[in-house]
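Just below is one structure, and these are the notes that go with it.
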Amino acid sequence: MMIEEKSLNFIEEIIEKDLKSGKYTSILTRFPPEPNGYLHIGHAKSICLNFGLGIKYGGQTNLRFDDTNPTKEETEYVDSIKEDIQWLGFTWARELYASDYFDQLYLFAEKLIEKGFAYVDDSTAEEIATLKGTPTTPGKDCFYRSRSVADNLQLFREMKAGKYQDGEKVLRAKIDMTANNMHMRDPIIYRIKHAHHHRTGDNWCIYPMYDFAHGQSDSIEKITHSICTLEFIPHRELYDWLIEKLEIFPSTQYEFARLNMTYTVMSKRKLLQLVEEGYVTSWDDPRMPTISGMRRRGYTAESIRNFCDRIGIAKRENMIDISLLEFCVREDLNKKAPRVMAVLDPLKLIIINYPEGQTEDLLSENGPEESFGTRLVPFSKELWIEAEDFMEVPAKKYFRLAPGANVRLKSAYIVQCDSFVKDGNGKVTAIHCTYFPDSKSGNDTSGIVVKGTIHWVSAVHALKASIRLYNRLLQVENPSAEEGDFKSYINPQSLQVIDTAYVEPSLLHAPIHSGYQFIRKGYFCLDKDSTATELIFNRTVTLKDAWAKETKKN
RNA sequence: UGGGUUAUAGUGUAAUGGUAACACUACAGAUUUUGAUUCUGUCAUUCUAGGUUCGAAUCCUAGUAACCCAACCA
């Protein structure tokens, strides 16, 4: 068997170097979400990276919730995050919370104060911002910067004890107000928040900032490679400074470029807006780029993992074409999804020479490979076919049904169109055909050659179903590069609901989320909104459609 | 008028001084009882200008462009 030589990404190169040099004997990574929203495809990239590295190098990966801001975080999000990671197929070594470290982090802060590297500042937020300067002008030391260690310690303890109101005081690291790196200009490391925390309740009224929680948590867990996205590069200097001053385990931070995808918004803030303002129904709306939305839409975990693998890991800004994701979904579903027949836009086809009341169960393969197996599909005199499969005046190169034309009914017989019926508005309401009894699928002795094969369902046997067709949520390729509010680029046609579709009876007991190919129409799955009396299918993704392209050209 | 990061096909990712490769997209064509799948083919003087070298995407110099940094968010 050929072993595929795959080149390493820059993080893998670092890890292999660290392992080879003996810097580490095994690696430990972590996935550190803040539980303030649902995970999206961008998180999937990070999950696949972190967990994938753990697996590849025989190490482990922790799941750590970065829950240091009680006003934004909720248990609902914690639960959804765990569900999504598991669904993607990954297992964490330990489930941890930054809030578990609040006692330890507090002690770290006291240590910093004792070493003269932190002070309590009574300034207002505005005063702090003013003295901070700008990227091009240095900041200035504030009056409180020179407080004694003893004073700082007492003040900080009083902050913890609840003596002060929100915003009255903060604890700052004492570094350098003139540093080029804004994050080194005495960053705030603790703030007062009299707020209820989803895990620690009302135990605390001071909470550490990201910079005083993340790296320290990494260090406590002995994370070897702490991988985050590019916008944290300026934080790395502070990350290292704190580890050095605290004299704790030296985790190292590495940064890669986050995922951007065409026709998609990825920020949690924007996704939250879509949910709260009713542009979509929920976080798991199939139009959302969330993992739960994609799952509900019918995307498979494997296709998402493959996608993350193909997009690669690098440090440059990127904009991945969403068609790559769709390719990965089709690629996986093509291998797995049983083929069935469903008619989305029904048109009655009556076979004049087929006996009234007769039914045949026709053998039909469930997929292109033998391993898919077969099933029986009922056939009768009256069928539903797709309205677009008939043209009164056929277009050029159209090889479906038209007056006088022949077509194969998939897994059944060849029929010829004799006539059609129109209503008062000129709309075709039924077509009349004759069938060739000796053209039965698998046993065709008719000698008739047809160019087209179309799908169908038997009218008396069909199940009525409702189908949700999803199109892209945003109409522009890069919504954040456009002028104004991204919501003005929302596609009003992002969801199209078909109430009267007909599907073959084998779909009666379809499991939720399980992918089917509706032949010639795309991949679909049963939605969780379905009931015993109403089948609701989501369109996962269309099939590639060469004919649609052909029609567009003309 | 500061600091940091990045520049390879339409989009991504490789090539680690030695023939610019792979995937997606797009466009042709073959096969097909899904206009699907599958298969075949087409698409680059590596941001620019100099330099080093027998040889440069890779090293050096000088530019240019994009992105990030001034939340008591993460």
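When reading the values below, keep in mind they use all heavy atoms of this one structure, side chains included, and skip hydrogens, waters and symmetry mates. In what follows, chains carry the letters A, B, and so on, assigned in the order in which the sequence lines appear, proteins first and then strands, with residues in each chain numbered from 1. The shown structure was predicted, so the numbers you read here are calculated from the model rather than taken from an experiment.
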How is [X] classified with respect to the nucleic acid when contacts are heavy atoms under 4.0 Å: base, sugar-phosphate, or nothing?
X	result
A/Arg185	nothing
A/Gly139	nothing
A/Glu237	nothing
A/Ile313	sugar-phosphate
A/Arg400	base
A/Tyr398	base
A/Arg310	sugar-phosphate

Judged by nearest nucleotide, the residue sitting upstream toward the 5' end of RNA chain B, A/Arg236 or A/Leu543, is A/Arg236
Show your reasoning for whether ring pair (Phe, Tyr, Trp, His ring centres under 6.0 Å) applies to A/Tyr239 and A/Phe232. CA-CA 10 Å; A/Tyr239 183 103; A/Phe232 289 95; over 10 Å; no
What does nucleotides 67-74 of chain B look like as a protein-contact string, B for base, S for sugar-phosphate only, - for none, at under 4.0 angstrom between heavy atoms? SSSB-BSB
Could you give the distance separating [M] and [N] at their [atom1] atoms, to the nearest angstrom?
N	M	atom1	answer
B/C60	B/A23	C1'	34 Å
B/C69	B/A74	P	15 Å
B/U5	B/A9	C1'	24 Å
B/C67	B/A30	C1'	46 Å
B/U33	B/A28	P	23 Å
B/G63	B/A70	C1'	28 Å
B/G12	B/G17	C1'	26 Å
B/A65	B/A26	P	34 Å

Distance in angstrom units between [X] [atom1] and [N] [atom2], rounded:
X	N	atom1	atom2	answer
A/Asn318	B/A66	CG	C1'	13 Å
A/Leu325	B/U13	CG	C1'	16 Å
A/Gln517	B/U38	CD	P	12 Å
A/Glu365	B/U33	CD	P	11 Å
A/Ile322	B/U25	CD1	P	13 Å
A/Leu333	B/U38	CG	P	13 Å
A/Phe399	B/U33	CZ	P	12 Å
A/Arg408	B/U32	CZ	C1'	13 Å

For A/Asp345, all residues meeting salt bridge (charged side-chain N to carboxylate O under 4.0 Å, His left out), sequence neighbours excluded: none
Taking only residues two or more places apart in sequence, or in another chain, which ones meet A/Glu231 in a salt bridge (charged side-chain N to carboxylate O under 4.0 Å, His left out)?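 Once residues adjacent in sequence are excluded, the partners of A/Glu231 under the salt bridge (charged side-chain N to carboxylate O under 4.0 Å, His left out) criterion are A/Arg258.
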Under 4.0 angstrom between A/Arg339 side-chain N/O and B/U34 OP1 or OP2: no
State, without any angle test, whether A/Asn366 and A/Arg339 hold a side-chain donor-acceptor pair at a distance under 3.5 Å. no
Donor on one side chain, acceptor on other, A/His455 and A/Glu386, under 3.5 Å: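 A/Glu386 and A/His455 do have a side-chain donor-acceptor pair below 3.5 Å.
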So what is the 5' to 3' dot-bracket string for RNA chain B, if pairs are Watson-Crick or G-U wobble with both distances under 3.5 Å, crossing pairs use [ ] and | means the partner sits on another strand? .((((((..((((....[..)))).(((((.......)))))....(((((..]....))))))))))).....
Test for a donor-acceptor pair under 3.5 Å between the base of B/U33 and the side chain of A/Ser411, counting only N and O atoms.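 A donor-acceptor contact between them is absent.
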Determine whether a donor-acceptor pair (N or O, by modelled atom type, separation under 3.5 Å) exists between the side chain of [X] and the backbone of [Y].
X	Y	result
A/Glu168	A/Gln165	yes
A/Asp218	A/Ser251	no
A/Thr264	A/Thr262	yes

Side chain to side chain donor-acceptor pair (under 3.5 Å) between A/Asp438 and A/Ser446, worked out: CA-CA 5 Å; A/Asp438 57 354; A/Ser446 70; 4.6 Å; no
Pi-cation contact, [Y] with [X] (under 6.0 Å, within 45°):
X	Y	value
A/Lys160	A/Tyr106	yes
A/Arg199	A/Tyr97	yes
A/Lys174	A/Phe117	no

Nearest to the A/Phe327 side chain among B/A15, B/U25, B/U33, which nucleotide is it?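 Ranking B/A15, B/U25, B/U33 by closest atom to the A/Phe327 side chain puts B/U25 first.
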Which word best sums up how the rings of A/Phe518 and A/Phe524 line up, parallel for under 30°, tilted for 30 to 60°, or perpendicular for over 60°? parallel
I'd like a table of atom pairs between the protein and nucleotides 26-30 of chain B - only N or O on both sides, under 3.5 Å - with the distance next to each one.
unit_1	atom_1	unit_2	atom_2	d
B/A26	OP1	A/Lys549	NZ	3.1
B/C27	OP2	A/Lys549	NZ	3.3
B/A28	OP1	A/Lys553	NZ	3.1

With sequence neighbours left out, the residues meeting side-chain contact (heavy atoms from CB on, under 4.5 Å) with A/Thr130 are none
